[in-house]
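What follows is a single structure, written as structure tokens, with notes after it.
Just so you know, these numbers come straight off a predicted model, no measurement behind them. Numbered from 1 within each chain, the chains take letters A, B, ... in sequence-line order.
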Protein chains: 2
Amino acid sequence: MTSSTPPPKDRGIPEATVARLPVYLRALQSLTERGIPTISSEDLAATTGVNSAKLRKDLSHLGSYGTRGVGYDVEYLVYQVSRELGLTQDWCVAIIGAGNLGRALANYGGFGSRGFRIAALLDADPDVVGLGVAGLTVRHTDILEDVVVDEGVSIGVIATPAAAAQGVCDRFVRAGVTSVLNFAPVVLNVPPTVDVRKVDLSIELQILAFHAQRKADGNRLGLLDG
Amino acid sequence: MTSSTPPPKDRGIPEATVARLPVYLRALQSLTERGIPTISSEDLAATTGVNSAKLRKDLSHLGSYGTRGVGYDVEYLVYQVSRELGLTQDWCVAIIGAGNLGRALANYGGFGSRGFRIAALLDADPDVVGLGVAGLTVRHTDILEDVVVDEGVSIGVIATPAAAAQGVCDRFVRAGVTSVLNFAPVVLNVPPTVDVRKVDLSIELQILAFHAQRKADGNRLGLLDG
DNA sequence: ACCTGTGAAGCTGTTCACAGCA
DNA sequence: TGCTGTGAACAGCTTCACAGGT
């Protein structure tokens with residue numbers, strides 16, 4: 001067994017925990033900026049909107065990085081969470097679709113700052129190709145495969161219209177990309193080795209509408225019943 | 001007991017089910033457009049990427065709308081799912097922040113088409129106020145409260161920079177909005193009566209990075225072990 | 001024969017409550 | 001005393017497998 005690396009802990013971190021780590025990380029980075037050296041699970045839980053026991057259990061999956069009676073060292077925890085999330089290395093991202101959404105993504109500050117480098121912003125529309133967006137020049141979708149290989153793209157972002165999404169996804173997959181972030185309102189078909197995450201604006205609205213309706217119905221019943 | 005309304009079923013639909021209903025709805029609408037009158041749970045599950053038993057259980061929460069031996073009537077199911085999600089009525093939406101993301105949202109076709117009307121697109125920057133976006137004129141954030149009251153806004157969308165988000169949210173809440181969709185990378189503080197959903201682009205990327213790293217580590221171990 | 005609707009089992013995630021350490 | 005780390009109980013979700021209509 002090689003022994004130079006510190007025990008990177010069990011790989012079996014629950015999905016639910018993984019989804020919360022970025023939230024903790026952001027809060028911790030803000031604490032660093034404000035020069036706060038230490039934080040308790042109770043306080044960190046409050047600022048991130050979770051239960052403190054849950055937060056402790058989440059962090060315990062990475063290792064025992066807290067000190068009983070004191071709390072967590074902010075800077076150390078930032079490093080450990082970053083490492084666990086794979087943010088100590090850089091990830092190359094290609095964004096396909098330079099419409100409103102693609103441009104918004106390219107301009108989104110959070111990308112560059114946190115270990116994500118936008119290698120390319122591509123579009124199929126000749127009128128859009130050549131435009132400058134966020135320090136990038138929009139290039140044509142034709143070169144998708146070249147970009148993936150030459151720049152070592154490991155995450156593909158699909159910000160195309162729904163009709164084009166599956167085609168773009170297939171090209172990503174054939175070129176070797178195994179992580180896809182999909183903003184198009186379609187269910188993508190991929191081999192099981194490929195990881196797809198979906199962000200769907202209208203679904204979020206519909207979920208809100210459901211709850212809004214329930215609140216309205218509840219009030220109406222409340223008037224009838226009491 | 002009043003009897004004119006059809007039994008709208010138990011209000012206790014699981015969150016996980018609610019989150020999938022919009023996906024089913026989209027698939028069903030596409031079936032309607034293609035003139036397909038009937039679909040089995042197996043087929044609908046395949047196109048939406050879920051397990052067929054899960055789909056049946058999800059739909060069973062709305063009522064018994066299928067026919068054994070046949071499947072589900074597409075048009076009828078579209079109606080029932082729409083009704084359950086509250087999409088048979090219109091919801092007024094106000095988008096705050098007319099930067100790249102706000103404009104992308106305003107231009108997003110899925111909004112208007114599915115029972116969501118954009119009542120206003122507001123921004124705090126005087127240079128942006130007055131611009132035309134997707135048939136709307138950007139107005140100043142100052143009138144947020146007026147818009148909410150006058151137009152009957154029930155869903156507020158926050159597409160501002162992080163620093164402005166909590167302030168905008170507070171104003172929404174004070175004006176009576178109880179559903180908020182937040183795109184800013186902050187945890188919003190709201191009273192428990194208010195429903196907040198969050199969409200965070202960089203969190204999605206970080207989750208992908210975690211899995212990408214795990215795949216990479218796995219390969220590396222594979223090389224060492226075998 | 002076919003397909004829905006659902007009890008039951010199993011799994012994942014959350015919360016409680018406290019042992020154990022600083 | 002204060003706070004972490006965690007077993008144990010609990011709650012919610014998924015999947016299986018099949019009873020029960022058509």
Side-chain angles (χ1 to χ4, degrees), chain A residues 7 9-24 27-28 31 36-77 80-81 84 192 207 210-211, chain B residues 7 9-24 27-28 31 36-78 80-81 84 192 207 210-211 214:
Chain A
K9 202 70 189 179
D10 181 19
R11 243 63 308 260
I13 297 182
E15 262 312 298
T17 295
V18 173
R20 283 186 296 264
L21 288 179
V23 180
Y24 304 152
L28 288 166
L31 291 170
I36 296 168
T38 277
I39 189 149
S40 70
S41 65
E42 200 73 47
D43 290 354
L44 185 54
T47 67
T48 53
V50 306
N51 175 306
S52 70
K54 178 150 69 178
L55 184 139
R56 286 198 299 279
K57 189 150 273 186
D58 282 344
L59 294 183
S60 78
H61 285 114
L62 319 189
S64 277
Y65 298 142
T67 309
R68 284 158 207 249
V70 178
Y72 299 89
D73 181 280
V74 172
E75 213 160 331
Y76 186 52
L77 200 51
Q80 290 300 343
V81 175
E84 197 62 53
I207 295 172
F210 171 83
H211 291 296
Chain B
K9 204 68 188 178
D10 180 21
R11 241 74 295 269
I13 298 182
E15 264 310 300
T17 296
V18 173
R20 283 185 296 265
L21 289 179
V23 180
Y24 304 152
L28 288 165
L31 291 169
I36 296 168
T38 277
I39 188 148
S40 70
S41 65
E42 200 72 48
D43 291 354
L44 186 54
T47 67
T48 53
V50 305
N51 175 305
S52 69
K54 178 150 69 178
L55 185 139
R56 287 198 299 279
K57 190 151 273 188
D58 281 344
L59 294 183
S60 79
H61 286 113
L62 318 189
S64 276
Y65 298 143
T67 310
R68 285 159 207 246
V70 178
Y72 298 89
D73 181 280
V74 171
E75 213 160 330
Y76 186 52
L77 200 51
V78 164
Q80 291 299 344
V81 174
E84 197 62 54
I207 296 172
F210 171 83
H211 290 295
R214 226 174 38 154

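Looking at Arg214(B) and Glu84(A), their side chains never come closer than 4.5 Å, going by heavy atoms from C-beta outward. Two residues are said to be in side-chain contact when any heavy atoms from C-beta on lie closer than 4.5 Å; Leu21(A) and Phe210(B) fail this criterion. Side-chain contact check for Tyr24(B) versus Val50(B): some heavy-atom pair is nearer than 4.5 Å.
Between dC13(D) and Asn51(B), no contact under 4.0 Å exists linking OP1 or OP2 to a side-chain N or O.
Once rounded to the nearest 0.5 Å, the distance linking CG of Leu59(B) with NZ of Lys54(B) reads 12.5 Å. One distance of note links CZ of Arg20(B) with CG of Leu55(B); it measures 8.5 Å at 0.5 Å rounding.
Regarding Glu15(B), its CD atom lies at a distance of 18 Å from the P atom of dA11(D), rounded to whole Å. Atom pair Leu55(A):CG and dG5(D):P shows a separation of 10 Å (rounding to whole Å applied).
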Write out a two-atom table: protein N or O, nucleotide N or O from nucleotides 1-4 of chain D, distance below 3.5 Å.
from: dG2(D); atom 1: N2; to: Gly69(A); atom 2: N; distance (Å): 3.4
from: dC3(D); atom 1: O4'; to: Gly69(A); atom 2: N; distance (Å): 3.1
from: dC3(D); atom 1: O2; to: Gly69(A); atom 2: N; distance (Å): 3.4
from: dT4(D); atom 1: OP1; to: Ser41(A); atom 2: N; distance (Å): 2.6
from: dT4(D); atom 1: OP2; to: Ser41(A); atom 2: OG; distance (Å): 2.6
from: dT4(D); atom 1: O2; to: Arg68(A); atom 2: NH1; distance (Å): 3.2

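Of the residues near DNA chain C, Leu59(B) and Ala53(A), the one whose nearest nucleotide (by heavy atom distance) lies more toward the 5' end is Leu59(B).
For the helix from dA1(C)-dT22(D) to dA22(C)-dT1(D), the end axes, each set by the C1' atoms of five terminal pairs, are bent relative to each other by 0° (nearest 10°).
Checked against side chain to side chain donor-acceptor pair (under 3.5 Å), Thr17(B) has the following partners two or more places apart in sequence or in another chain: Asp58(B). Take Lys57(B) and apply the side chain to side chain contact (heavy atoms under 4.5 Å, CB included) test, not counting sequence neighbours, and it matches Ser60(B), His61(B).
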Cut-off 3.5 Å, no hydrogens considered: what does the side-chain donor-acceptor table look like for residues 67-76 of chain A, sequence neighbours left out?
from: Asp73(A); atom 1: OD1; to: Glu75(A); atom 2: N; distance (Å): 3.3
from: Asp73(A); atom 1: OD1; to: Tyr76(A); atom 2: N; distance (Å): 2.9
from: Tyr76(A); atom 1: OH; to: Gln80(A); atom 2: NE2; distance (Å): 3.3

When the side chains of residues 38-47 of chain A are checked against the rest of the protein, which donor-acceptor pairs come out under 3.5 Å, sequence neighbours left out?
from: Ser40(A); atom 1: OG; to: Asp43(A); atom 2: N; distance (Å): 3.2
from: Ser41(A); atom 1: OG; to: Arg56(A); atom 2: NH1; distance (Å): 3.0
from: Thr47(A); atom 1: OG1; to: Leu44(A); atom 2: O; distance (Å): 3.1

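In terms of heavy-atom proximity, Pro22(B) sits nearest to Val18(B) at CD-O, 3.0 Å.
Protein chain B contacts DNA chain C from dC2(C) to dA8(C), reading 5' to 3' and using non-hydrogen atoms of the protein with a distance under 4.0 Å.
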